[in-house]
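Heavy-atom basis, side chains included; hydrogens, waters and symmetry copies ignored. On a predicted model such as this, the values are computed, not experimentally measured, just so you know.
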Amino acid sequence: MLNKHDPKHEVLRIEELVIKVKTGDIKLPKFQRPFVWNKNDILNLLDSIYKSYPIGSILLWLTREKLASERRIGDFEIDDRGHEYPTNYLLDGQQRLSTLCGALFWNGDNPKSIWNIAFDLEKEKFIHPDGTEKTEYFPLNKLINTIDFINECRRLEAHKNKEKYVKNAERLLQTIKDYKVASVTIGDMTVNEVAPIFERINSTGRRLTIVDLMRAATWSGGFDLSDTIQSVRDALKDKNFEDVSESDILKNISSSMGYGINKDDIDKLRDCSSDDLKMAANKCVEAYKHAVDFLTSELPITSYAFLPYGLQLTLLVEFFNICPNPNIIQRETLKRWFWKTAFSRYFASFNTAQLTKDLADIRNYAEGFSEDLTISKPVDFVKFVSDDFKLNKANSKTFALLLASMKPQSLLDGSKINTNKALAIINRHEFHHIFPKAYLKTNGYSDIKINAHSNICLLNMINNRTISDTKPSVYFKEVQNQLGTRTQEVLNSNFINADAFNAALNDNFERFTEIRSAAMVEEASKLCDESITV
């Protein structure tokens, strides 16, 4: 084995390198980003090689570590060589070597493949033929194999430019086969020691996440972290929760093993058998389904996009992992816990000690060792109602859920607002300034006041366009005329009581937001089960 302080430098021909990748002698670790080059990137690399331009060096890691590696590059399949250790993992040069493997070893099945590449012998230019067949188009996947190359050259016999074409084909062959690439091989390192090297030389500047490292470190023939993450997402797709983060799923695999959810705890997964990891993964999938069913049936959450904090789901998953069928008291407690953590912005910042305690608390409650879930952080209700509305913020997502909890009806026509649609994706078009922005700007109000939660409601898009910039004293009269006896019912569903309605009829923005804020605070405190003076 190589010493990590004494890397091996050598120069290798392209033909050697691509055969090593094709046969699995050089493996592409799964913590690498997937193949992302487009057709122009591919053609530019080939052109650089043909013109003998430098294309950079590659970095290999010779190790006994058994890591997950890619079996496919786009629609090109790498040979299944089995697992012989030590083996070489490619740390730098994946896009380049993947391009060369795909182009030179394409199986020819799909004409629309990015690997369907030919060399125009007339123009000496690489192209994607796109179904066009011309004598002068030399397929790159017929270049390396000697018999294929000879047969392609025979195809040129009857052409008037035979000599030129054969000469250019031979030049192409020699250039590709003999082009040399500098290679550096390091060894005798753990995956954690290699990670910062990879990050330093990675041309995208992409840092390796804990998921990348564990994807590589826990892989075996019987367990693949990528497959597990995908199985969780597939199970949640019908509930619009397929975007749950990889790192959160990894935390829950760790918790399903009985470990914690901090990095040091997750690292323990390296020492687990594939059978134990598979068992934890199966438990994790089931717990996710129970947790998401709870969120979407007991709370007004219709997609992962509107979950204020990912850690809320992480801890709920662990609860349902331990207690898949909670009783009514437990479900009510979980709902209060959710609202309190959301309104208090409890997970806006956290540390290892806090997460350890939170996990212990949720486990104790699930196992029946404690009677309640207590969140000590107070809720700043004043800040909540006066905060500016931005749907990429957790506070505004919580606000949107508060609006949805009232089962709001659209102001102009009283129609029921489809909150499932409104909260499916982050989309501002379903939300409306009750006192229009343009009207308030002409009266000298700042953006902070205009965009405060206290001035935002859910509204059907058609009604939104109808109201446009009309001042409240005008359109609220129209609301009253349209809705008649249902007026207050519709207004109440939007936190607009009789006093707030009268303030709007008088275009009194300050009074309106003051009254509406109090109504929202009252409802929020009920959801948190807190007694406050409004």
Side-chain angles (χ1 to χ4, degrees), residues 210-211 214 218 223 225 228-229 231-233 235-236 239 241-269 272 276-299 301 304 307-342 344 346-377 394:
I210 189 171
V211 177
M214 296 311 296
T218 60
F223 179 78
L225 180 57
T228 298
I229 289 172
S231 67
V232 170
R233 288 176 162 173
L236 305 181
K239 302 284 187 177
F241 267 73
E242 69 272 21
D243 293 328
V244 59
S245 76
E246 292 186 337
S247 61
D248 285 346
I249 295 173
L250 180 58
K251 289 184 180 81
N252 283 119
I253 294 172
S254 179
S255 68
S256 295
M257 278 294 299
Y259 301 148
I261 56 176
N262 291 305
K263 185 180 183 302
D264 289 344
D265 298 304
I266 294 171
D267 277 342
K268 296 174 185 175
L269 293 175
C272 296
D276 286 342
L277 289 170
K278 282 194 293 184
M279 180 183 67
N282 292 336
K283 289 171 65 180
C284 186
V285 172
E286 291 305 309
Y288 261 100
K289 290 194 286 190
H290 286 302
V292 170
D293 280 344
F294 168 78
L295 287 172
T296 55
S297 61
E298 303 273 356
L299 293 156
I301 303 177
Y304 182 74
L307 185 70
Y309 299 101
L311 281 170
Q312 291 171 306
L313 178 57
T314 301
L315 293 172
L316 284 172
V317 168
E318 179 58 6
F319 175 90
F320 282 97
N321 177 46
I322 297 168
C323 180
N325 298 300
N327 59 40
I328 189 169
I329 295 175
Q330 289 172 313
R331 298 179 85 84
E332 289 300 315
T333 299
L334 290 177
K335 283 193 285 185
R336 288 195 301 273
W337 173 88
F338 173 85
W339 285 115
K340 183 67 182 289
T341 57
S344 67
Y346 183 73
F347 293 113
S349 60
F350 54 87
N351 54 43
T352 299
Q354 177 192 325
L355 287 186
T356 301
K357 180 184 181 302
D358 291 334
L359 184 63
D361 288 348
I362 206 83
R363 282 173 168 168
N364 285 336
Y365 186 66
E367 291 168 354
F369 297 143
S370 61
E371 296 181 357
D372 202 356
L373 286 171
T374 304
I375 298 297
S376 58
K377 186 175 181 179

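- Using a 4.5 Å heavy-atom cutoff, the side chains of W337 and T374 are not in contact.
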Report task. Show your working on side chain to side chain contact (heavy atoms under 4.5 Å, CB included) between S255 and V317 and close with a plain yes or no. Result -> CA-CA 9 Å; S255 68; V317 168; 5.7 Å; no
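- Taking CE of M257 as the reference point, atom CG of L269 lies at 6.5 Å (rounded to 0.5 Å).
- In this structure, a donor-acceptor pair under 3.5 Å is present between the side chains of T333 and Y365.
- N364 places a side-chain N or O within 3.5 Å of a backbone atom of A360 that can act as its donor or acceptor partner.
- The heavy-atom pair separating A366 from C323 by the smallest distance is O-CB, 3.8 Å.
- Note: K263 NZ to L250 CG = 10.5 Å, rounded to the nearest 0.5 Å.
- For the pair N351 and L355, the minimum side-chain heavy-atom distance is 4.5 Å or more.
- In this structure a side-chain-to-backbone donor-acceptor pair under 3.5 Å is present from Q312 to F338.
- Using a 4.5 Å cut-off on side-chain heavy atoms (C-beta onward), S245 and Y304 make contact.
- In terms of heavy atoms, P326 sits closest to R331 at CG-NH1, 3.4 Å.
- Looking only at atom types and distance, the side chain of D358 has a donor-acceptor partner in the side chain of Y346 under 3.5 Å away.
- Salt-bridge annotation for E286 and K289: present, with a side-chain N of the basic residue lying under 4.0 Å from a carboxylate O of the acidic one.
- Taking CG of L334 as the reference point, atom CG of L373 lies at 6.5 Å (rounded to 0.5 Å).
- For the 3.5 Å distance criterion, the side chains of N262 and T356 qualify, holding a donor opposite an acceptor.
- In terms of heavy atoms, K377 sits closest to S344 at CE-O, 3.1 Å.
- More than 12 heavy atoms of other residues, nucleotides or ligands lie within 6.0 Å of CG in D372, so this atom counts as buried by the packing criterion.
- Side-chain atoms of K251 do not come within 3.5 Å of backbone N or O of I261 as any donor-acceptor pair.
- Here the closest heavy-atom approach between residue I375 and residue K340 is recorded as O-NZ, 3.0 Å.
- Taking the side chain as every heavy atom from C-beta outward, L236 and R233 never approach each other to under 4.5 Å.
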Query raised in the report: Can D265 and K268 be said to form a side chain to side chain contact (heavy atoms under 4.5 Å, CB included), step by step?
Result: CA-CA 6 Å; D265 298 304; K268 296 174 185 175; 3.7 Å; yes
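- In this structure, R363 contributes its side chain and F319 its backbone to no donor-acceptor pair below 3.5 Å.
- Counting only distance, with no hydrogens or angles, the side chain of Q330 and the backbone of N327 share a donor-acceptor pair below 3.5 Å.
- The structure places OG of S256 at 11.5 Å from CD1 of I249, a figure rounded to the nearest 0.5 Å.
- Side chain of T314 to backbone of G310: a donor-acceptor contact under 3.5 angstrom is found.
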Requested in this report: Check step by step if side chain to side chain contact (heavy atoms under 4.5 Å, CB included) holds for Y259 and C272.
Outcome: CA-CA 11 Å; Y259 301 148; C272 296; 3.5 Å; yes
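- Interatomic distance, OG1 of T296 versus CG of L307, reported as 11.5 Å (0.5 Å rounding).
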Report task. Might you work through the side chain to side chain contact (heavy atoms under 4.5 Å, CB included) test for L225 and I253, ending with a clear yes or no? Result -> CA-CA 10 Å; L225 180 57; I253 294 172; 3.6 Å; yes
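- Considering every non-hydrogen atom in both Q354 and S349, the closest pair reads OE1-O, 3.5 Å.
- Between F294 and F320, the ring-plane angle classifies as tilted under the 30° and 60° cut-offs.
- Between K357 and D361 there is a salt bridge, since a side-chain N of the basic residue sits under 4.0 Å from a carboxylate O of the acidic one.
- Taking each heavy atom of S254 and G260 in turn, the nearest pair found is OG-O, 2.6 Å.
- Side-chain contact between L313 and D248 is absent, with no heavy-atom pair separated by less than 4.5 Å.
- Put simply, CG on L315 and CG on N252 are 8.0 Å apart, with the number rounded to the nearest 0.5 Å.
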